[in-house]
Each structure stands twice: as structure tokens, then as C-alpha cells.
Amino acid sequence: MKILIVGGVAGGASAAARLRRLSKDDEIILFEKDEYISFANCGLPYYIGGVIEQRDKLLVQTVAGMKQRFDLDIRNFQEVVALHPDKKIVEVYNHQTKESYEESYDTLILSPGANPIWPNLPGLAEAKNVFKLRNVPDTDRIKEMLVHQPKQAVVIGGGFIGVEMAENLRHLGMDVTLVDLAEQVLTPFDPEISAVIQNEITRNGVQLKLGVGLEGFTDEGKTVLLSNGEKLSSDLTILAIGVSPASKLAKDAGLQLGLKNTIVVDAQLKTSDPNIYAIGDVIQVNHLISNTPTYIPLAWPANRQGRLVADHIHGIDIAYEGTLGSSVAKVFDMVAASTGLNEVMASKLGYDVGTTIVHRGNHAGYYPNAKNLTLKLVYDKETLNILGAQGVGYEGTEKRIDVIATAIFGKLKVADLAKLELCYAPPFSSAKDPVNILGYAASHTISGLYETINYQWVDQLDESTMLLDVRTPKEYAGGHIPGSVNLELDTLRDHVDKLPKDKETPIVVYCQVGQRAHYALCLLDQLGYKNLYNVSGGYTTYNQVQIAQKKHEDK
């Protein structure tokens, strides 16, 4: 069988290696228009920042290495420029010899990836210090610029690449400004979780300008023009405003395209042509939870899809079930991780959304260096299915999100999180892991004991509602939600006379993180109060959002 693969890196290289493991007789030709067929995309910002010191460490596999190990015909610097599905041939241009030729196939795998968005803006063509970051040559160009010791840097885009680049440029000692059109960084996270991330970014000296667009450049890129009229001086600018699927080949060949010009594939990753597969950052996938079409360009799905395509070509029954979108990022000293749908996405898709936020130590509090981690669970109130989760904190944050991602795939319900028997020793966790606590906390709401409200509704409560702070007077004096009444939990039984006489009066209770509020609400329920609410995440979440908003307003 003659199999052509267009594009290497995660998807194409994985498919090629798996194909050879399944058959020694396949004729496998891999085309890559650039020099490198398999490199660590996600490591590029850290090589620029000097965290990864050796460039060779980025090269997962070399052309010579893959040829030798897997007996492949690898043609780098050779670009497939046209497909002819009716003839089962491709047109190839050799960038080294400047020659063109045709190659036939029995089966074709498209893995061209995605291209960084490069907008048509005034002054961009003349800018000499504006760069994108997608591959090794992009990285080399940025490293060459660093020789000139730039002092001021601007990063446009608050996604994963933008945040990672801002951190690494700051690590090199530059004054860094991060600009994004959205009102928050890292949109896979809900605003209250993103607020924690933003506070960490600004704590490390990066200026954030959110809700502001890029208008263009002057002075050969040394001046960055923003939509609010600001002008930023920049010695080095990184454009990280997203990617678009490299689907022109497929479009020109008449293959079916979907949202954002992605290639439409079936469960076996076949395109509208039965002899052509497509994988990786170029395809439309179904979201594993909502079963709706989406575009999620990540490394894990591309690797998985490459393997599955090779299996299917060799008669193994496979189906790609969908993409969950699990991801993690290092944000200076913190870790931010997410999986599945966030609250905003789930609400847009029509789910009856429930959420729970907990703040817990990443390991036992009595063991040295315990640090706080924040977890948010998103679930469907009707089915009690887990829709997604987000976490931000320090060591151990991502493992909690991994557990929840596994629970989602295993179709566990919200209450099942409390039943999970997870590893425990003081240096690593607590007897009740934060994931267990999420399950318990959500179960309290599900049981009907009380309802949970999010931070954004607290400032909108009317005078008919009692807002009760059950922390200590010292904690209350150190900062509280405006309009709240302080009755400490440990003395609440002695002050029931200060509670509303009418048992139908809504009472919203909060403490620092939600646990003491739960105890207070249990008591209020026993006293006969009917309309009870707990502020999800307590004063900690409310305050984190307030800090982030104040910094944004001050800018």
C-alpha cells in the first residue's frame, strides 16, 4: 500500500511511525515543507526565554532518525501544493531544487496543521520587530532579535502562547505589556478563575491591557497602535492572536469544510473523499461533552488521531469519540488547567448549569509549604453530568483536573467525585482530596439544602436579602462584601435574635472559602429558614475578582 502523509509534527509523524509498526511493507512517504518534521511546539516559548537552554532539545525526532528507525521516505523542504482526488495524485514543489513533480497514492493523510493569524494592519508589512511563533524558524528569528537586547516587549493575544511568551520575555528582564481584545486572558477559564491568573501576571510585573484591540504599527514596528488611542513603545512584538486551519489544499480539492474552514471528518477521521484522511489542527471535531462541532487545536488530539488513522488503514476498528480540550499552562509561579466546558460555554449551549468553587491546600496544611489551589466544577443540574472543571494554584493543580477529565470520560456523576479513593500522604494531598471536596460541596447544593450563587450576583442583592458574613470579626475588619452583617459562626447560635424573624427571608451566607458558610447554613436550615444561599468560593473568590477588576480599571 502506498500512503502519502502531508505534514509531520504531532499528527503526521505519529501516523507514520504507527503505520510502520503495523506493516513492514507499506510504502510511506511523508512530505514536510519546512526543515523539521517533529519538534516540540509547546516548548518554543521556554527556549526563547532560556529555560530550555539547548535548541536540539526541541527536536523530538530528526529526519535521519525517523528514516533509520522506521524505514520511511521523508521529504522535507517539499511542499504538497495541490491534490487531485479523482486521479489519486498530489502535486509537489521541492523548495531546494525549485522543481515540481507528481506523486500517486492509495491512501492520503492530511496533517498540515494550522497557521498563525497574521492580520492585514497598517504598518505591519514595514515592521521589522514583529514576529509570530509557530515553528522552529519563527523561534530562530526571535532568538536573533534577542541578540540586540530589546528592553520593551509587547505581546498581542492573551491565549496560551501569549501568556507563555509574556512570562518568558519577562524572565529575560524585559518590560512586557500583554494586550488582548477580550476582557480576560485565557478564555477557556471563567472570569473568576482568570482573575487569579491575571493577578499572578501583574504581580510579576507584566502590564495587562484588556478589552483593547490592535490597530497597527508605525516607526517600522517600534510603535504599537491600540484601539483606545494608546501608543506603546516596543523593541519586540509577538503576535499571538490565534491560528487558522491550513485547509487551502483541501478546499481547492473540493473536500467538505466545516466551521472556521476546518476539514470535516467522520468518526474514522475520513474526509468527504474515502481515500483521504485528515488529522490534527486542520480538522473539525465533535466536543466530547456536547457532541457539537468545534475547533480545538491541541497536541494530544493530534497525536491520538495520527495513531487511530494508521490503525484504521490497517483494518483495525476505531472511532475518534471527540475532544475534551484538556489543557494546562504555567503562569509564572502558578499552574492553570482546565478540561471540558466552562460555565460560559455550557450556558451558551443551553445546559442548566450548576457550579461549585472550592479553595483548598494542595497538600496537608500541617506539612510545610502547603499552598492554596482553586477548583471550579461545572455540571448539568438536570442530569448531574460533569461538564468541565478549571483549576489554578501551585503544585498538584493539574493532577486534580486530570482526575476530573478521567471522571468525565468515565461518565461519572457529580456526587461520584466524593467517592473517588485518591492517593493520600501529607506531602501530596489531604485525607479528603480537593477533588473529593468538590464532590461534597456540589452535593450539598444538589441535595436542596441551599442554593449556590456566584460572586457576580452578590453586588446585585436587594435590601430584602440578608447578606451574612460568618467569619471572625478580625477577618471581617480586614475586608468584607459591602452590605454584609458579621455574625461569627462559633457564636451564631447565641445571636439568632439578630436573624430575620420571617423564615422566608432570603439569607445569603459567606465565609472565607465556603466551608464555614456551609456549617452556618446547616444551622439556619434546622432553624426553619427556607431561602438559603452560599456564595461559591466565599470571600476569597469575590476578593480575587475585585482585585483584578481594580487593576484593570486603574490601567
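Heavy atoms only: backbone and side chains are in, while hydrogens, waters and symmetry mates are out.
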Chemist: Can you check whether Val392's main-chain N or O pairs, donor with acceptor, with Thr397's side chain at less than 3.5 Å?
Modeler: no
Chemist: Could you tell me the separation between the CD atom of Gln546 and the OH atom of Tyr542, rounded to the nearest 0.5 Å?
Modeler: 4.0 Å
Chemist: Do the two ring centres, one from His480 and one from Tyr510, sit under 6.0 Å apart?
Modeler: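 No, too far apart.
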Chemist: A side-chain contact here means heavy atoms from C-beta on lying under 4.5 Å apart; do Ser326 and Trp300 qualify?
Modeler: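 No; the side chains remain at least 4.5 Å from each other.
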Chemist: Decide side chain to side chain contact (heavy atoms under 4.5 Å, CB included) for Ile507 and Thr465; before the verdict, give the C-alpha distance in whole Å, the side-chain angles of both, and the deciding distance to 0.1 Å.
Modeler: CA-CA 6 Å; Ile507 303 179; Thr465 300; over 6 Å; no
Chemist: Can you name the nearest heavy-atom pair linking Ala336 to Val331, along with the distance?
Modeler: CB-CG2, 4.4 Å
Chemist: Between the side chains of Tyr539 and Asp469, is a donor N or O closer than 3.5 angstrom to an acceptor N or O?
Modeler: no
Chemist: Can you measure from CE (Met165) to CG (Leu236) and round to the nearest 0.5 angstrom?
Modeler: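 Met165 CE to Leu236 CG: 6.5 Å, rounded to 0.5 Å.
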Chemist: Please determine if Asp416 and Lys413 form a salt bridge, counting it only when a charged side-chain N lies under 4.0 Å from a carboxylate O.
Modeler: no
Chemist: What are the two closest non-hydrogen atoms of Ile386 and Ile289, and how far apart are they?
Modeler: O-CD1, 4.4 Å
Chemist: Is the backbone of Asp333 close enough, under 3.5 Å, to the side chain of Glu200 for a donor and an acceptor to pair up by distance?
Modeler: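 Yes.
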Chemist: With Leu208, which of Ile201, Asn199, Asp180 fulfils side-chain contact (heavy atoms from CB on, under 4.5 Å)?
Modeler: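 Of the listed options, the one satisfying the test is Ile201.
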Chemist: Can you tell me if CD on Glu395 sees more than 12 non-hydrogen neighbours from other groups inside 6.0 Å?
Modeler: no
Chemist: Using atom types as modelled and distance alone, determine if a side-chain donor or acceptor of Asn342 lies under 3.5 Å from a backbone N or O of Pro188.
Modeler: yes
Chemist: Provide the closest heavy-atom pair for Thr355 versus Thr452 in the form atom of the first, atom of the second, distance.
Modeler: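 The answer is O-CG2, 4.1 Å.
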Chemist: Evaluate the side-chain proximity of Ile279 to Tyr320: yes if any heavy-atom separation is below 4.5 Å, no if none is.
Modeler: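 No; the side chains remain at least 4.5 Å from each other.
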Chemist: Sub-3.5 Å donor-acceptor pair from the side chain of His363 to the main-chain atoms of Ala370, do we have one?
Modeler: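 Looks like yes, one N/O pair under 3.5 Å.
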Chemist: Should Pro116 and Leu133 count as side-chain neighbours, where that means a heavy-atom distance under 4.5 Å?
Modeler: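 A side-chain contact is absent here, since even the closest heavy-atom pair is not under 4.5 Å.
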Chemist: Could you state the interatomic distance from CG (Leu417) to CG (Leu438), rounded to the nearest 0.5 Å?
Modeler: 6.5 Å
Chemist: Measure the CD1-CD1 distance between Ile156 and Ile238 for me, rounded to the nearest 0.5 Å.
Modeler: 10.0 Å
Chemist: Looking only at heavy atoms, which two atoms of Gln544 and Thr374 are closest? And how far apart?
Modeler: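 Heavy atoms only, the tightest pair is NE2-OG1, 4.4 Å.
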Chemist: Name the orientation class of the two ring planes belonging to His518 and His444 (parallel below 30°, tilted from 30 to 60°, perpendicular beyond 60°).
Modeler: parallel
Chemist: Indicate yes or no for a side-chain donor-acceptor contact from Gln305 to the backbone of Gly280 under 3.5 Å, with no hydrogens or angles considered.
Modeler: yes
Chemist: Could you check whether atom CZ of Phe428 has more than 12 heavy atoms from other residues, nucleotides or ligands sitting under 6.0 Å from it?
Modeler: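 For Phe428, atom CZ is not crowded (no more than 12 foreign heavy atoms under 6.0 Å).
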Chemist: Could you tell me whether Asn120 atom CG has more than 12 heavy atoms of other residues or ligands within 6.0 Å of it?
Modeler: no
Chemist: Asp175: what forms a salt bridge (Lys or Arg N to Asp or Glu O under 4.0 Å) with it, not counting sequence neighbours?
Modeler: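 Result, salt bridge (Lys or Arg N to Asp or Glu O under 4.0 Å) vs Asp175: Arg170.
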Chemist: Might you work through the side chain to side chain contact (heavy atoms under 4.5 Å, CB included) test for Thr294 and Thr323, ending with a clear yes or no?
Modeler: CA-CA 9 Å; Thr294 188; Thr323 301; 5.7 Å; no
Chemist: Flag yes if more than 12 heavy atoms outside Trp457 fall under 6.0 Å of its CH2 atom; otherwise flag no.
Modeler: no
Chemist: Determine whether His359 and Thr541 satisfy the following criterion, side chain to side chain donor-acceptor pair (under 3.5 Å), listing intermediate values before the conclusion.
Modeler: CA-CA 9 Å; His359 303 275; Thr541 293; 2.8 Å; yes
Chemist: Answer whether the closest heavy-atom distance between the side chains of Val224 and Phe217 falls below 4.5 Å.
Modeler: yes
Chemist: Write down the atom of Leu467, the atom of Pro482, and the distance for their closest heavy-atom approach.
Modeler: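 The answer is CD2-O, 3.9 Å.
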Chemist: I'd like to know if the side chain of Glu192 pairs up with that of Asn454 as donor and acceptor (distance under 3.5 Å, no hydrogens or angles considered).
Modeler: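 Absent: no donor and acceptor within the cut-off.
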Chemist: What are the two closest heavy atoms between Gly514 and Asn534, and how far apart are they?
Modeler: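 Closest approach of Gly514 to Asn534, heavy atoms only: O-ND2, 3.5 Å.
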Chemist: Checking side chain to side chain contact (heavy atoms under 4.5 Å, CB included) for the pair Val179/Val155: CA distance, chi angles, key distance, verdict?
Modeler: CA-CA 6 Å; Val179 180; Val155 178; over 6 Å; no
Chemist: Do Glu488 and Thr491 have a side chain donor and acceptor closer than 3.5 Å?
Modeler: no
Chemist: A quick test of your reading: do over 12 heavy atoms of other residues, nucleotides or ligands sit less than 6.0 Å from CD of Glu504?
Modeler: yes
Chemist: Count the heavy atoms of every other residue, nucleotide or ligand shown that sit under 6.0 Å from CG of Asn369, and state whether that count exceeds 12.
Modeler: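 Count not over threshold, so no.
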Chemist: Could you tell me whether Arg203 sits above the aromatic face of Phe332, with NZ or CZ closer than 6.0 angstrom to the six-membered ring centre and within 45 degrees of the axis?
Modeler: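 Verdict for Phe332: no cation-pi partner in Arg203.
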Chemist: Flag yes if more than 12 heavy atoms outside Arg304 fall under 6.0 Å of its CZ atom; otherwise flag no.
Modeler: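 Counting other residues, nucleotides and ligands, CZ of Arg304 stays at 12 neighbours or fewer.
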Chemist: Under a 3.5 Å distance rule, please check whether Asn486 uses its side chain to pair with a backbone N or O of Arg471 as donor and acceptor.
Modeler: yes
Chemist: Between Leu412 and Leu420, does the side chain to side chain contact (heavy atoms under 4.5 Å, CB included) criterion hold? Intermediate values first, please.
Modeler: CA-CA 10 Å; Leu412 301 187; Leu420 297 178; 3.9 Å; yes
Chemist: Side chain of Tyr366, backbone of Pro426: donor and acceptor closer than 3.5 Å?
Modeler: no
Chemist: For a 4.5 angstrom cut-off between non-hydrogen side-chain atoms, does Leu124 reach Trp118?
Modeler: yes
Chemist: Sub-3.5 Å donor-acceptor pair from the side chain of Ser247 to the main-chain atoms of Asn261, do we have one?
Modeler: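 Here the side-chain-to-backbone pair exists.
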Chemist: Return yes if some donor-acceptor pair links the side-chain N/O of Asn436 with the main-chain N/O of Lys432 below 3.5 Å, else return no.
Modeler: no
Chemist: Short question: side chain of Gln184, backbone of Leu186 - any donor-acceptor pair under 3.5 Å?
Modeler: yes
Chemist: Distance from Ile161 atom CD1 to Ile241 atom CD1, nearest 0.5 Å?
Modeler: 13.5 Å
Chemist: Indicate yes or no: at least one non-hydrogen side-chain atom of Val243 is less than 4.5 angstrom from one of Asp281.
Modeler: no
Chemist: Would Lys371 pass as a cation-pi partner of Tyr394, given that its NZ or CZ must be under 6.0 Å from the six-membered ring centre and within 45 degrees of the axis?
Modeler: yes
Chemist: Can you confirm whether more than 12 heavy atoms, excluding those of Lys503, are under 6.0 Å from its NZ atom?
Modeler: yes
Chemist: When you compare the side chain of Leu449 with that of Cys522, does any pair of heavy atoms fall below 4.5 Å?
Modeler: yes
Chemist: Distance from Thr540 atom OG1 to Asn372 atom CG, nearest 0.5 Å?
Modeler: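 Going from the OG1 atom of Thr540 to the CG atom of Asn372 covers 6.5 Å.
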Chemist: Is any side-chain heavy atom of Ile197 closer than 4.5 Å to one of Met334?
Modeler: no
Chemist: State which residues pass side-chain hydrogen bond (donor to acceptor under 3.5 Å, both in side chains) with Ser429; sequence neighbours excluded, sorted by chain then number.
Modeler: Arg400, Asp433
